[in-house]
Amino acid sequence: MSTHIKDSAHFAKTVLMPGDPLRAKWIAETFLTDYELVSDVRGIFAYTGHTKEGKEISVMASGMGVPSIGIYSYELFTFYGVENIIRIGTAGSYQNECHVGDVIIATSASSNSNFANYYTNKGLHVSPCSDFNLMLKAYENAKKLNIPVHVGPIFSSDIFYDPQKDFYKLPQELGILAVEMESYGLFLNAMRLHKKALCLLTVSDSFVNDEKDLTQEERSHNLTRMVNLALTLA
């Protein structure tokens, strides 16, 4: 079946997907009941358990970047019967109103990645998007949980250390809310495989506001509001 996930692994229909394997471990230990480690191939931890309401759900790390999440999301969708993947990650804000600690619901992802070029031709430029029903449910549930959210487009970058110090200004002017590194690949796989995907992000740092970044420990563990929101989508 897969060279990257244990063949015998059982996954729920909905998978939460942080980038960091240790964040996946923390989510399972903190939020799930009767969970089990179903795969640890290449150090990418995957767990399946239940929410406190008794709904089955899985959590699995994606690794960093479009190629990595492209592999894992494709295999989950294709070989393991997964229907919904919800990326839960961190992002750098491009807009003044998106402050460190805020939660973003991504509508779509732009990118400088060539990932889509392998699936399109004749000048078609794909604009991969979140699934509308998952996005609407997340927005409505955020209101019920009194979690303020920003809803809008994001940017998935292939470059973390950009040599152009003002590179953020163009996406900022276009109204893009924040930058991360994975959602473009996830959204595109979901679209072409006729599955569902969503991206929820916690702002970890800002390119435009003078705010203290989330620490390394906070990036791994202090993302409770985003995770609680994601769990309502099981």
Side-chain angles (χ1 to χ4, degrees), residues 14 16-19 62 64-66 69-70 73 84-113 115-116 125-160 162 164 166-191 195-211 213-214 219 222-233:
T14 297
L16 307 187
M17 186 161 272
S62 70
M64 290 188 290
V66 166
I69 201 170
S73 61
N84 314 298
I85 295 179
I86 301 162
R87 165 159 158 70
I88 43 175
T90 55
S93 170
Y94 284 158
Q95 302 298 329
N96 295 105
E97 66 270 19
C98 296
H99 298 283
V100 171
D102 286 358
V103 175
I104 291 172
I105 300 174
T107 55
S108 62
S110 302
S111 185
N112 53 11
S113 171
F115 190 73
H125 297 282
V126 176
S127 300
C129 305
S130 283
D131 176 77
F132 175 78
N133 288 325
L134 282 177
M135 185 169 52
L136 179 61
K137 186 176 180 180
Y139 180 73
E140 291 176 339
N141 289 351
K143 290 193 291 184
K144 293 176 184 177
L145 295 171
N146 291 317
I147 299 174
V149 293
H150 306 278
V151 182
I154 60 170
F155 178 63
S156 298
S157 180
D158 269 355
I159 301 171
F160 189 87
D162 197 312
Q164 302 179 64
D166 62 349
F167 69 93
Y168 66 89
K169 291 185 177 179
L170 176 58
Q172 179 192 34
E173 291 171 359
L174 291 170
I176 291 174
L177 299 186
V179 58
E180 48 84 79
M181 300 188 72
E182 286 81 31
S183 296
Y184 185 83
L186 171 61
F187 291 170
L188 186 63
N189 272 349
M191 290 174 69
K195 302 285 187 171
K196 298 179 180 180
L198 178 68
C199 174
L200 304 177
L201 299 167
T202 296
V203 176
S204 57
D205 56 281
S206 176
F207 289 88
V208 294
N209 294 323
D210 185 17
E211 298 176 326
D213 296 355
L214 294 184
R219 285 171 181 258
N222 292 6
L223 306 173
T224 302
R225 291 191 304 170
M226 175 181 65
V227 177
N228 279 327
L229 177 58
L231 288 170
T232 68
L233 305 176

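Since the model is a prediction, treat every value here as computed from it, not as a measurement.
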Asks: For a quick test of reading the model, state the closest non-hydrogen atom pair linking Ala178 to Ala91 and the distance between them.
Replies: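 That would be CB-CB, 3.8 Å.
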Asks: With distance as the sole test, does Glu182 use its side chain to make a donor-acceptor pair with the main-chain N or O of Gly185 at under 3.5 Å?
Replies: no
Asks: What's the separation between atom CG in Asn84 and atom OG1 in Thr14, rounded to the nearest 0.5 Å?
Replies: 4.0 Å
Asks: What is the ring orientation for Phe207 with Tyr94, classed by angle as parallel under 30°, tilted 30 to 60°, or perpendicular over 60°?
Replies: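 Because their plane-to-plane angle lies in the 30° to 60° range, the rings of Phe207 and Tyr94 count as tilted.
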Asks: Hey, are the side chains of Tyr184 and Ser110 touching, using non-hydrogen atoms and a 4.5 Å cut-off?
Replies: no
Asks: Verify, without hydrogens or angle tests, whether Ser130 (side chain) and Ala106 (backbone) share a donor-acceptor contact under 3.5 angstrom.
Replies: yes
Asks: Could you check whether any side-chain heavy atom of Leu200 comes within less than 4.5 Å of a side-chain heavy atom of Arg87, counting everything from C-beta outward?
Replies: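 When only atoms from C-beta onward are counted, Arg87 and Leu200 do not touch, as no gap falls below 4.5 Å.
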Asks: So, do Gln172 and Ile176 sit near enough that their side-chain heavy atoms are less than 4.5 Å apart?
Replies: no
Asks: Check the pair Ile104 / Val149 against side-chain contact (heavy atoms from CB on, under 4.5 Å), numbers first and verdict last.
Replies: CA-CA 5 Å; Ile104 291 172; Val149 293; over 6 Å; no
Asks: Identify the heavy atoms of Ser73 and Asn189 that sit nearest to each other, and give their distance.
Replies: OG-ND2, 2.9 Å
Asks: CG of Asp205 to CG of Asp213: how many Å apart, nearest 0.5 Å?
Replies: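 One finds 4.5 Å between CG of Asp205 and CG of Asp213.
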Asks: Test of understanding: with ring-ring contact (aromatic ring centres under 6.0 Å, His included), list the residues that count as partners of Phe132, not counting sequence neighbours.
Replies: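 Scan of Phe132 (ring-ring contact (aromatic ring centres under 6.0 Å, His included), adjacent residues dropped) gives none.
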Asks: Flag the pair Asp102 / Thr202 as yes when at least one side-chain heavy-atom distance between them is below 4.5 Å, and no otherwise.
Replies: no
Asks: Within a 6.0 Å radius of atom CE on Met64, are there more than 12 heavy atoms belonging to other residues, nucleotides or ligands?
Replies: no
Asks: Can you check whether Asp166 reaches Lys169 side chain to side chain, under 4.5 Å on heavy atoms?
Replies: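 Yes, close enough: below the 4.5 Å cut-off.
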Asks: Atom NZ of residue position Lys195 - does it have more than 12 heavy atoms of other residues, nucleotides or ligands inside 6.0 Å?
Replies: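 Yes, enclosed.
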Asks: Does any non-hydrogen side-chain atom of Cys199 lie less than 4.5 Å from one of Ile86?
Replies: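 Not in contact.
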Asks: List the atom of Val203, the atom of Ser93, and the distance in Å for their closest heavy-atom pair.
Replies: CG1-CB, 3.7 Å
Asks: I need the minimum non-hydrogen distance between Ala138 and Leu198, along with the two atoms involved.
Replies: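 So the minimum-distance heavy-atom pair works out to CB-CD2, 3.9 Å.
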Asks: Would you check if the side chain of Asn209 reaches a backbone N or O of Asn96 as a donor-acceptor pair within less than 3.5 Å?
Replies: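 Confirmed, Asn209 side chain pairs with Asn96 backbone.
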Asks: Just by distance, do the side chain of Arg225 and the backbone of Gly101 share a donor-acceptor pair under 3.5 Å?
Replies: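 Present.
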Asks: Going from CD on Gln95 to CG on Leu177, what distance comes out if it is rounded to the nearest 0.5 angstrom?
Replies: 6.0 Å
Asks: What's the spacing between Ser206 OG and Tyr168 OH if we round to 0.5 Å?
Replies: 9.0 Å
Asks: Just by distance, no angles: are the side chains of His99 and Glu211 close enough, under 3.5 Å, to form a donor-acceptor pair?
Replies: yes
Asks: With distance as the sole criterion, is a donor-acceptor pair present between the side chains of Glu180 and Thr90 under 3.5 Å?
Replies: no
Asks: Test Met135 against Ile105 for side-chain contact (heavy atoms from CB on, under 4.5 Å), laying out the working first.
Replies: CA-CA 7 Å; Met135 185 169 52; Ile105 300 174; 3.7 Å; yes
Asks: Short question: side chain of His150, backbone of Glu97 - any donor-acceptor pair under 3.5 Å?
Replies: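 Yes: the side chain of His150 pairs with the backbone of Glu97.
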Asks: What heavy-atom pair brings Ser62 and Gly19 nearest, and what distance separates the two atoms?
Replies: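 Smallest interatomic distance, heavy atoms only, reads OG-CA, 3.5 Å.
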Asks: May I have the step-by-step check of side-chain contact (heavy atoms from CB on, under 4.5 Å) for Ser127 and Ser108, ending in yes or no?
Replies: CA-CA 7 Å; Ser127 300; Ser108 62; 5.8 Å; no
Asks: Walk me through whether Ser157 and Asn112 qualify under side-chain contact (heavy atoms from CB on, under 4.5 Å).
Replies: CA-CA 6 Å; Ser157 180; Asn112 53 11; 3.6 Å; yes
Asks: With a 4.5 Å heavy-atom cut-off, do Lys137 and Asn141 have their side chains touching?
Replies: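 Result yes, sub-4.5 Å side-chain heavy-atom pair found.
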Asks: Is the shortest heavy-atom distance from the side chain of Val66 to the side chain of Met181 under 4.5 Å?
Replies: no
Asks: When rounded to the nearest 0.5 angstrom, what distance separates CG in Leu16 from CG in Leu231?
Replies: 5.5 Å
Asks: Which value, rounded to the nearest 0.5 Å, describes the distance between Leu145 atom CG and Leu229 atom CG?
Replies: 6.5 Å
Asks: Any idea which heavy atoms bring Ser204 and Val100 closest together, and the distance?
Replies: O-CG1, 4.0 Å
